[in-house]
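Reading through the structure tokens given below for one structure.
Remember, it's a predicted structure, so these values are computed and weren't measured experimentally. Just so we're on the same page: letters track the sequence lines, and every chain starts at 1.
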Amino acid sequence: MSEEKNTPKPEKQLARGADPRLQRPQAAAGLVRSTQIVIWVGLGLLVVSLAWWGIAGKLTLPPVLIGAVGVLGVAMWVAYNLRNLREIAGTRAARLVLNSVGFVLFVLGIVVCLNVIVARHHPRLDLTENKIHSLAPQSMAVLKGLDNDIEMIAFLPQDSGSPKSSRDLVQLYATLSPHMKITWADYTDVTLAKQYEVTFPGTVVVKSGDRKEKVTDVNESRMTSAILSVTTETKTTVYFLVGHGETSTAGGQNSVAALKSDLGNQQYVVNDLDLAKMATPEIPQDCDVLAIIGAKQAPTPEEMKAIEGWVDDKGKLLLALAPPPAPDFSAILAKRGVTVLAGVVIDPDANFLGQEQVPLVTPNPGSPIVEGVERLVMPFARAMQVQSSAPPTTPGMPPPPSGPAVGLLDSSASAWLQTNPEQAGMPQKPANAEVGAFAMAATVDEAPPAPPAMPGSPPPPQQDQDATRIVVIGSDLALTDAIAQRFKFNSYLALNSIAWLSKNVRLISIPPKTETPHNLLLTSTQKNFIIFVVMVFIPLGIIVAGVSVWWTRRR
Amino acid sequence: MKSMLTVAAKEFRGYFTAPMAYVVILFFLGVSGLIFVMTLTMPQAQTSNYRDVLQSMVFIALMMAPVLTMSLLALERGRGTLELLMTRPVSDWAIVVGKYLAAAGLYVSLLIVTLLFPLMMSVGGEMDWGSVFAGYLGLLCAGLAFLAIGIFGSAITSDQIGAALGSFFILLLFWIIGFVGQSVPAAIGGVLNHLSFVENYMDFARGVIDLKNVVYFLSVAGFFVFLAERLVENRRSI
């Protein structure tokens, strides 16, 4: 041990400068101290520069200059100590450490690259029962149809000011289409907020070229509508007929102001139409859809003639009927297979909270208008009969095409017709009441249906789609704000109807996906059994096993 | 490969002969079970929602992993048996990965036991099994990452408590990094969020399997096991 101590170590002595010939001059000692300061100052400046960059969120001249001075300081120190560094690096241990560090950095680089690549293109699998974390087919169709890049500037704070679901949704759009790009904007960046006229956090600006659309209430329906808005060239004009006691579009619980506002959000142009103010009643040229919601008085013969003529000439009509004695527009509907009956539907089996005048309806499947719509309330709904004028089937021939009218909402089979809906109190079923499943909404599409294909023959060519379309809804109340805001699916009924009428199938509203709540019903015995197994049996088993091991090892 | 499995089997058996492992198992199953029972017996528990239990279990796994792995390499170094092991015809990889696999095996066994919870819950109501599967896959991936950090901590020092504390510190750092990400500029916040265990696990807990999250956890697991192996090899060479 003492020998080892006394054995000279030339390398170390040289390094320490034992040989006076190799010692630095006294004057240089201060310089050495200075270089030690330089390395720390240099590293400090580098940290300051990076912190500045991080806090500011962008690289400006000051952090670049500070960083450059820091790098210069480190470089000076390295240059001055190059010989010592080479000596240290020359040892076996240092080589091993350097090799290892290099290898670690190499592997780290691969790991980072892998994660960056996967973060850009990552398939995802939504295993939830209702696919609540996936986009609806309508949104997927819109994304697939994109030709141009769309930028989403998301002013979504990451704190509680914005729900995580909003960020996830924006991220999902970007994940599912290479044309969708996200810019996570800093809401505190006043310049950027001013540039996009964003006034509160939680806003997403959807931008394509010069066109941009702000989404303040971030949900799938709004986001998809905004994408359509910045990519669709033409706008659809909807006129609401007024002057016959129709439901107001101006505001209030019994108005359809929310519907009007939603249509505006979906890039429709919405106007009121008062035919009485015209010298000659006429539907405007730019009218794509005419909505008559809850007319209490019949239009004048001139007005009716104008409406009927317009509908006959490939017009698109949304008709929501008020309870009797309001007009039933039979002149337009009867010849198309829809007969409005003289009464409202009373449904003792399927109703809202026992109110038989308020049927609760599950839509008939098949129409895009009710796709994803689960249940609708139809207060004081006019009953209808829908006749599909299908000719009889000839043996050996393909099945006949269906007629233009199709029932959309049907009551239960035990429903009956109340002919005096203004009667107060619970409806009393008269002995001679008409009973059965009544239609409460129907669609009419006069486009000639494609002839069904014969077995083995090629599919039939597409027919001209521009023809008269009508959606008739038996309850005007079902579309009012009071109902539609409480029962979300009711608001989709009107929006989807207008989208279908105007052939904006891509604008069909997307009902929110909800988790199916599975009720948990455990008896007290079952609960106690579970508690016993989880809190007593399992822990006790582990304790007994552990103590027995300890006891065995002790012996 | 064979030597790796031999090491893994020996270590796995070793867990069941040490009282400490029973304490850890009791902690994991006891606390998870308590949360599960609380979920069942709460007055507002009217739906068979297992998500809350899954979200709690991942943090319990985070606390458990350092204790489960602290002795794997640190104890061997402390006793001087690691050097003895290195004299055997077993590579460093086989030693480190074998020990890691043993810890992972014990962790998977614990997860299998906790499958009893959703099974028992399904007696009282229909379960969304897709979500449960995704949650368990997330627990598995996250657990593999936690254990890898644990074995890395165990390779740093010969002191078991120091190893556990060191790994817990790293794990906690990865856990809270996402919360820090919420209060820094978006660009940096995005990177921190991507590194956060919480952010990467939440998709699993919600019933979504995203390749990004799977790759993240497996990358962390692979990288820290690799670091542990480097430490062992460097110590042998130097």
Using non-hydrogen atoms only, which part of B/Ala18 is less than 4.5 Å away from chain A: side chain, backbone, both, or neither? backbone
Option that, when pairs with chain A are counted at under 4.5 Å, heavy atom only, ranks first among B/Ile25, B/Val220, B/Val132: B/Ile25
Among the options B/Asn213, B/Leu116, B/Val37, B/Val214, pick out the one with the most heavy-atom pairs lying under 4.5 Å from chain A. B/Val37
Any idea which of A/Gly541, A/Ala545, A/Pro539 has the most non-hydrogen atom pairs under 4.5 angstrom with chain B? A/Ala545
Measure distances from A/Ile117 to the heavy atoms of chain B and classify the residue's part below 4.5 Å as side chain, backbone, both or neither. neither
Is the distance between the ring centroids of B/Phe197 and B/Phe146 under 6.0 Å? yes
Pairs of heavy atoms under 4.5 Å with chain B: top-ranked of A/Ala119, A/Ser548, A/Pro123: A/Pro123
Side chains of B/Thr39 and B/Asp52: donor-acceptor distance under 3.5 Å anywhere? no
Answer with side chain, backbone, both or neither: which region of B/Phe223 has an atom nearer than 4.5 Å to a non-hydrogen atom of chain A? side chain
Which atoms of B/Leu26 approach chain A - backbone, side chain, both or neither, heavy atom under 4.5 Å: both
Would you confirm whether the ring centroid of B/Tyr22 sits within less than 6.0 angstrom of the ring centroid of A/Trp550? no
B/Asp210 meets the side-chain hydrogen bond (donor to acceptor under 3.5 Å, both in side chains) criterion, sequence neighbours left out, with A/His122
Specify whether A/Phe106 and A/Phe103 have parallel, tilted or perpendicular ring planes, treating 30° as the upper limit for parallel and 60° as the lower limit for perpendicular. parallel
Could you tell me which portion of A/Ile530 (side chain, backbone, both or neither) has an atom closer than 4.5 angstrom to a non-hydrogen atom of chain B? both
Residues pairing under ring pair (Phe, Tyr, Trp, His ring centres under 6.0 Å) where one sits in residues 110-137 of chain B, two or more places apart or in two chains, turn out to be B/Phe36-B/Phe117
Check whether any side-chain heavy atom of B/Met20 lies under 4.5 Å from a side-chain heavy atom of B/Leu68, and answer yes or no. no
So, the part of A/Val533 with a heavy atom under 4.5 Å from chain B: the answer is side chain
